[in-house]
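Read through the structure below, which is laid out as structure tokens, and then see the notes.
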Amino acid sequence: MVFRGVILVSAILGTIFLAAPLIVLFPSAMTAGEVLSFPPQGFSLQWYPRTFLEEGYLEPFLLSLQLAAISMVVATFIGTLVAIQLTRWEQSGRGGKFWDSYFQLPIILPQIALGVALLIIFAGIERSLGVSLRGTYHGFVFVHVAVTLPYVVGVVSGGLVNVDINIERAARDLGATEWETILHVVLPMVRPSIISGAVLAFLNSFDELVVSMFLTTPTFITLPVKLLQQVEFRNDPTIAVVGTVLIVGSVVIFTVLNAVLKTNVFASYK
Amino acid sequence: MSTVATEAANGGEKRRFSMANIPKSWLFLPGLVWVLLGVIVPFSYLFLSSLWVERTGWLSPRDAQWTLEHYWDFITDPFLLGTLVRSLVVGFVSVLGAFLIGYPIAYYVARTRSRLALVLSTIVIFPLMVNGVIRSYGWIVLLANSGVVNESLMGIGLIDQPLKLLFNNTGATIGLIHLYTPYMVLAVMAVLSGVDASLEKAAQDLGATPFQAFLLTTLPLSLPGILAGGLLVFARSITAFTTPFILGGGTFLMPVLIQQQFMTLFRWSEGASTAIILAIASLIVMRMSRLAEPRRPTVERGA
């Protein structure tokens, strides 16, 4: 059983490797000292209020929350419509593959390339039309929706494939119109997928860094961008504090989701 | 509803979610336009701007002077070429690391029905939800000269000087491996679920040791998954920005170079060409990854 043993040990070591950078943030954040150090000097939660109230992380945090919420709503709405259309076409045999790839483009193409491309375009529009786009709500929502749309389309499409045609047919038999069938029959059946897609959109917008970083201005800074800026300078535990808050937040969101939807949301997160 | 009647008259085709009689196909238009304006148009413009004589900022195509010099520079300039090569090498090493670390995890979780397997699989997926900056920061805490790893190794007495694991190629690579191992695990798990576990038992019955049995049956059969996962990890590693930027110090990989060209050096046209080259390379690799995926039985349409 040596082989089995080796596999088990390797698997556990590998998992520790994956968890280590996240776990190590917790003791680092709860230090009583002034500087980031390991081992941490004493235990204290002092940095938690300090980070948000004194060190300027609260604004970016709230900004990211707002952007993520708006993007989630828009992306889920548009993405669900797309998913319905695509699934429909795939089932009747019309070029599904092309459109699948089309709507995955925002995440297949390198983010860094997309970021600079948008920088050029935004700069150009600002110059020629006098409209400001960088560092604005509308500019950022536009970009965030574009970048999170593929997740919604992917997850909801996956759920739609399993919808039983007969239920839908029965509704039509009973006199429901097209739209009514979609709204009251189909959508409720894929509600878990839609909710999963919405959460994915939210998280991806909240964590969005690479594209956002090119469109940021001194007055409009999202949390990930702020973190990136601070990583180079700070040797205090503030980043670790923010990190632990985000980790715990994600765990809570996913646990609640799993319980509410009674499905394994992890399965769709890729 | 005449359509339902005609369907019934035709004996009712067994199609799923078919509303082929739908007159409106406008549902996906908002999404289509959004992606068009948000991705396609910017990228087209990016491509155009890589063909101009160096010009930072906006330029109308009418006023441009066209040239291929930026692409030519990539082949001739040692710095640019070196960056490309470095990205490829780091990519390969990341795939190797992701495989060595990820395969045992995938094998254990796929083959065992224990609570531990469930815990492991959850821990593996979980980092994907965490911000890239945070994950890199965790590595800073671990790998710094006075960080966890070095302090422990020196404490045990294995080394007297801290290992320089951070702000160089090594740090960036470790970070990338950490970032993308979960994808490898998922890909391998997917393919292993289709590999018959009894093949190994059969091989053992025929006299092989457990390790040989694995090596000669399961491993080759899981190759498509390894390939698909590996190519995916490679594509993501060469395009990753955050982790190499934070952990790599001054080391230049393609995405970091692009950021520099746009934000520091102000050579936008050159940066555009770098970005396009990177995009093409990653698209090719991702396409290869898709092709390498093992064929899954698809749901049959029709009877």
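Chain A is the first sequence line, chain B the second, and so forth, proteins listed ahead of strands; every chain is numbered from 1. Since this is a predicted model, take the numbers as computed values, not measurements.
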A/Q85 vs A/W99, side chain to side chain contact (heavy atoms under 4.5 Å, CB included): CA-CA, chis, key distance, verdict: CA-CA 10 Å; A/Q85 185 73 64; A/W99 289 113; over 6 Å; no
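- If you measure heavy-atom distances from A/A75 to chain B, you find no contacts under 4.5 Å at all.
- For A/I78, the part sitting under 4.5 Å from any heavy atom of chain B is the side chain, from C-beta outward, and nothing else.
- Contacts between B/I140 and chain A at a heavy-atom distance below 4.5 Å involve the side chain alone, from C-beta outward.
- Residue B/F47: no heavy atom, backbone or side chain, is found under 4.5 Å from chain A.
- Interface residue B/F211: backbone and side-chain heavy atoms are both found under 4.5 Å from chain A.
- The most heavy-atom pairs under 4.5 Å with chain A, out of B/L36, B/I105, B/L116, come from B/I105.
- Interface summary for chain B: among A/L227, A/L109, A/V210, the most heavy-atom pairs under 4.5 angstrom belong to A/L109.
- In this structure, the separation between CG on B/N145 and CG on B/L166 is 8.0 Å, given to the nearest 0.5 Å.
- Considering CE of B/M184 and CZ of B/F99, their distance stands at 7.0 Å, rounded to 0.5 Å.
- The number of heavy-atom neighbours closer than 6.0 Å to CZ of A/F77, taken from other residues, nucleotides and ligands shown, is 12 or below.
- Both the backbone and the side chain of B/I174 come within contact range of chain A, judged by heavy atoms closer than 4.5 Å.
- For the residue pair B/T274 and B/Q261, a side-chain donor N or O sits within less than 3.5 Å of a side-chain acceptor on the partner.
- Interatomic distance, OG of B/S152 versus CG of B/L142, reported as 9.0 Å (0.5 Å rounding).
- B/L283 touches chain A through its side chain: at least one heavy atom from C-beta onward sits under 4.5 Å away, while N, CA, C and O do not.
- Of the two parts of A/L22, only the side chain, counted from C-beta on, holds a non-hydrogen atom closer than 4.5 Å to a non-hydrogen atom of chain B.
- With chain A as the partner, the residue from B/S49, B/P104, B/A275, B/A279 showing the most heavy-atom pairs under 4.5 Å is B/P104.
- A/P224 places none of its side-chain heavy atoms less than 4.5 Å from the side chain of A/E208.
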Determine, stepwise, if the pair B/T218 / B/R111 fulfils side chain to side chain contact (heavy atoms under 4.5 Å, CB included). CA-CA 11 Å; B/T218 310; B/R111 288 272 188 259; 3.6 Å; yes
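- In this structure, chain B has heavy atoms under 4.5 Å from both the backbone and the side chain of A/I7.
- For the residue pair B/S136 and B/H178, no side-chain donor N or O sits within less than 3.5 Å of a side-chain acceptor on the partner.
- With chain B as the partner, the residue from A/P150, A/P106, A/A123, A/G115 showing the most heavy-atom pairs under 4.5 Å is A/P106.
- The shortest side-chain heavy-atom distance between A/R4 and B/P210 does not fall under the 4.5 Å cut-off.
- The choice from B/Y103, B/F245, B/Y137, B/Y108 that makes the most heavy-atom pairs within less than 4.5 Å of chain A is B/Y137.
- At a 4.5 Å heavy-atom cutoff, the contact between A/I247 and chain B is made by backbone and side-chain atoms alike.
- In this structure, the portion of A/S28 lying under 4.5 Å from any heavy atom of chain B is its side chain and not its backbone.
- In this structure, A/L200 CG and A/T76 OG1 are separated by 9.5 Å, a value rounded to the nearest 0.5 Å.
- For A/V143, no part lies near chain B; criterion is any non-hydrogen pair under 4.5 Å.
- For A/V145, the parts lying under 4.5 angstrom from a heavy atom of chain B are both the backbone and the side chain.
- For A/L118, the parts lying under 4.5 angstrom from a heavy atom of chain B are both the backbone and the side chain.
- When each of A/I239, A/V231, A/L114 is checked for heavy-atom pairs under 4.5 Å with chain B, A/I239 comes out on top.
- Using the six-membered ring where Trp is involved, A/F202 and A/F206 have ring planes that are parallel, under 30° apart on the 30 and 60° scheme.
- Of the listed residues A/I23, A/I108, A/L105, the one with more heavy-atom pairs under 4.5 angstrom with chain B than any other is A/I108.
- Chosen from B/V39, B/L278, B/I134, the residue pairing most often with chain A at heavy-atom distances under 4.5 Å is B/I134.
- Contact tally against chain A (heavy-atom pairs below 4.5 Å) for B/V148, B/T242, B/L179: the top residue is B/V148.
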Quick one, B/I101 with A/F17, criterion side chain to side chain contact (heavy atoms under 4.5 Å, CB included). Give me CA distance, side-chain angles, the key distance, then yes/no. CA-CA 9 Å; B/I101 297 181; A/F17 169 78; 3.7 Å; yes
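- Under the 4.5 Å side-chain criterion, counting only non-hydrogen atoms from C-beta, B/M254 is not in contact with B/Q259.
- Residue contact with chain B, scored on non-hydrogen atoms closer than 4.5 Å, involves the backbone and the side chain of A/L228 alike.
- Heavy atoms of B/V141 lying under 4.5 Å from chain A belong exclusively to its side chain.
- When ring centroids are compared, B/Y45 and B/W52 come within the 6.0 Å threshold.
- Taking the six-membered ring where the residue is Trp, A/F98 and A/Y102 present tilted rings, their angle falling between 30° and 60°.
- In terms of heavy-atom pairs under 4.5 angstrom with chain B, the leader among A/L81, A/L18, A/V82, A/T244 is A/L18.
- If you tally non-hydrogen atom pairs under 4.5 Å between each of B/L46, B/N131, B/L143 and chain A, the highest count goes to B/N131.
- Looking at B/W268, the atoms closer than 4.5 Å to chain A (heavy atoms on both sides) all sit in the side chain, from C-beta outward.
- With a threshold of 4.5 angstrom between heavy atoms, A/S128 approaches chain B through side-chain atoms but not through N, CA, C or O.
- Proximity to chain A (any heavy atom under 4.5 Å) is shown, for B/F43, by both the backbone and the side chain.
- Proximity to chain B is absent for every atom of A/V147, based on heavy atoms less than 4.5 angstrom apart.
- A/V245 pairs by the side-chain contact (heavy atoms from CB on, under 4.5 Å) definition with A/Y48, A/F52, not counting sequence neighbours.
- Of the atoms belonging to B/I246, it is side-chain heavy atoms, and not backbone ones, that fall under 4.5 Å from chain A.
- Using a 4.5 Å cut-off between heavy atoms, A/V74 touches chain B through its side chain atoms alone.
- Ring geometry for A/F142 versus A/F122: interplanar angle of 30 to 60°, hence tilted.
- Neither the backbone nor the side chain of B/I238 comes within less than 4.5 Å of any heavy atom in chain A.
- Remark: side-chain polar atoms of A/S64 are paired, donor with acceptor, to backbone N or O of A/L223 under 3.5 angstrom.
- Taking the ring centroids of B/Y107 and B/F214, they lie under the 6.0 Å cut-off.
- No other option in A/G124, A/G14, A/G243 has as many heavy-atom pairs under 4.5 Å with chain B as A/G124.
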